[in-house]
Amino acid sequence: QVQLVESGGGSVQAGGSLRLSCVESGFGSSCMGWFRQAPGKEREVVAVIYTGGGSTYYADSVKGRFSISLANTKNTVNLEMHSLKPEDTAMYYCAAGPLLPPLYGGNWPPAPSDFNYWGQGIQVTVSS
């Protein structure tokens, strides 16, 4: 049984930084990532990392501001968020699944349905 436990998040003013962490217990997944969902909007991918080669992919809206990385023998995924904007306000979800990188035929952007496991969600609020 795979479980994803998220930590971090919180409230910050625009321009500030936050860090999210997610620990995966159980069977290791080939891909871990972060999605977000704002009220009244669909869940969207933020960033993913492929645990085999370490390749990363980001949504255009966060490129240059967010950084995803692996730690602790690849069972922990971190999301460093800088230069935060009010439009980054959302519930953030950690996800894990058996995805292949786009270079090897995987989809980009990945859909929520591509992921098998989800964390409980953690709130990020950015005030102007």
Asker: Under a single-linkage definition using a 4.5 Å side-chain heavy-atom cutoff for Ile, Leu, Val, Met, Phe, Trp and Tyr, are Met91 and Val62 assigned to the same hydrophobic cluster?
Answerer: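 Result: no, two separate clusters.
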Asker: First locate atom CG of Leu99, then atom OH of Tyr104, and finally report the distance between them rounded to the nearest 0.5 Å.
Answerer: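 Here the interatomic distance stands at 15.0 Å.
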Asker: First locate atom CH2 of Trp108, then atom CG of Leu100, and finally report the distance between them rounded to the nearest 0.5 Å.
Answerer: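 One gets 14.5 Å once the value is rounded to the nearest 0.5 Å.
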Asker: Once rounded to the nearest 0.5 Å, what's the spacing between atom CE of Met81 and atom OG of Ser67?
Answerer: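 Separation between the atoms: 11.5 Å.
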Asker: Quick check on the hydrophobic clustering: are Val46 and Phe115 connected, directly or via other members, by side-chain heavy-atom contacts under 4.5 Å?
Answerer: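 Not linked; separate clusters.
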Asker: Could you state the interatomic distance from CD1 (Ile68) to CG (Asn78), rounded to the nearest 0.5 Å?
Answerer: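 CG of Asn78 is found 9.0 Å from CD1 of Ile68.
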Asker: If we only count heavy atoms from C-beta on, is the Leu84 to Phe66 side-chain gap below 4.5 Å?
Answerer: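 Yes, close enough: below the 4.5 Å cut-off.
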Asker: Spell out, yes or no, whether Val45 and Tyr58 are grouped together once hydrophobic residues are joined by side-chain heavy atoms under 4.5 Å, including indirect joins.
Answerer: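 Not linked; separate clusters.
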Asker: Taking the side chain as C-beta and beyond, is there a heavy-atom pair between Val124 and Thr89 under 4.5 Å?
Answerer: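 A side-chain contact is absent here, since even the closest heavy-atom pair is not under 4.5 Å.
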Asker: Under 4.5 Å between any side-chain heavy atoms of Cys31 and Thr51, yes or no?
Answerer: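 Sidechains of Thr51 and Cys31: no contact.
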Asker: Counting only heavy atoms not in Gln120 (residues, nucleotides, ligands), do more than 12 fall under 6.0 Å from its CD?
Answerer: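 More than 12 within 6.0 Å, yes.
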Asker: Determine whether Thr76 and Glu24 satisfy the following criterion, side chain to side chain donor-acceptor pair (under 3.5 Å), listing intermediate values before the conclusion.
Answerer: CA-CA 6 Å; Thr76 300; Glu24 180 186 32; over 6 Å; no
Asker: Side chains of Val48 and Trp34, heavy atoms from C-beta outward: is any pair under 4.5 Å?
Answerer: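 Side chain of Val48 against side chain of Trp34, heavy atoms only: no contact under 4.5 Å found.
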Asker: Indicate yes or no: at least one non-hydrogen side-chain atom of Asn116 is less than 4.5 angstrom from one of Pro98.
Answerer: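 Sidechains of Pro98 and Asn116: in contact.
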Asker: Donor-acceptor pair, Thr125 side chain versus Gly10 backbone, under 3.5 Å?
Answerer: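 Absent.
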Asker: Measure across Ser83 and Ser17 and return the closest heavy-atom pair with its distance rounded to 0.1 Å.
Answerer: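 Closest approach of Ser83 to Ser17, heavy atoms only: N-OG, 4.4 Å.
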Asker: Can any side-chain N or O of Gln13 pair as donor or acceptor with the backbone N or O of Ser127 at less than 3.5 Å?
Answerer: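 Between the backbone of Ser127 and the side chain of Gln13 there is no qualifying donor-acceptor contact (under 3.5 Å).
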Asker: What are the two closest non-hydrogen atoms of Pro86 and Ala14, and how far apart are they?
Answerer: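 In this case the closest contact between Pro86 and Ala14 is CD-CB, 4.1 Å.
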Asker: List for me each residue that meets salt bridge (charged side-chain N to carboxylate O under 4.0 Å, His left out) alongside Asp88, sequence neighbours excluded, and say none if there are none.
Answerer: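 Once residues adjacent in sequence are excluded, the partners of Asp88 under the salt bridge (charged side-chain N to carboxylate O under 4.0 Å, His left out) criterion are Arg36, Arg65.
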Asker: Is the gap between the ring centers of Trp118 and Phe35 under 6.0 Å?
Answerer: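 So the answer is yes for these two rings.
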Asker: What is the minimum heavy-atom distance between Leu79 and Ala47, and which atoms define it?
Answerer: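 Heavy atoms of Leu79 and Ala47 come nearest at CD1-CB, 4.2 Å.
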Asker: Locate the shortest heavy-atom distance separating Leu20 from Gly9; write the atom from each residue and the value.
Answerer: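 Reported closest heavy-atom pair: CD2-N, 3.1 Å.
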Asker: Who passes side chain to side chain contact (heavy atoms under 4.5 Å, CB included) against Ser55, sequence neighbours left out?
Answerer: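 Partners of Ser55 under the side chain to side chain contact (heavy atoms under 4.5 Å, CB included) test: Tyr50, Tyr57, Pro101.
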Asker: Atom OG of Ser7 and atom CZ of Arg19: how far apart are they, to the nearest 0.5 Å?
Answerer: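 CZ of Arg19 is found 8.0 Å from OG of Ser7.
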Asker: Name all residues meeting the side chain to side chain contact (heavy atoms under 4.5 Å, CB included) criterion together with Gln37; count only those two or more places apart in sequence or in a different chain, and write none if there are none.
Answerer: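 Gln37: side chain to side chain contact (heavy atoms under 4.5 Å, CB included) contacts with Arg43, Tyr93.
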Asker: At what distance, to the nearest 0.5 angstrom, does SG of Cys22 lie from CE of Met32?
Answerer: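 The distance works out to 4.5 Å.
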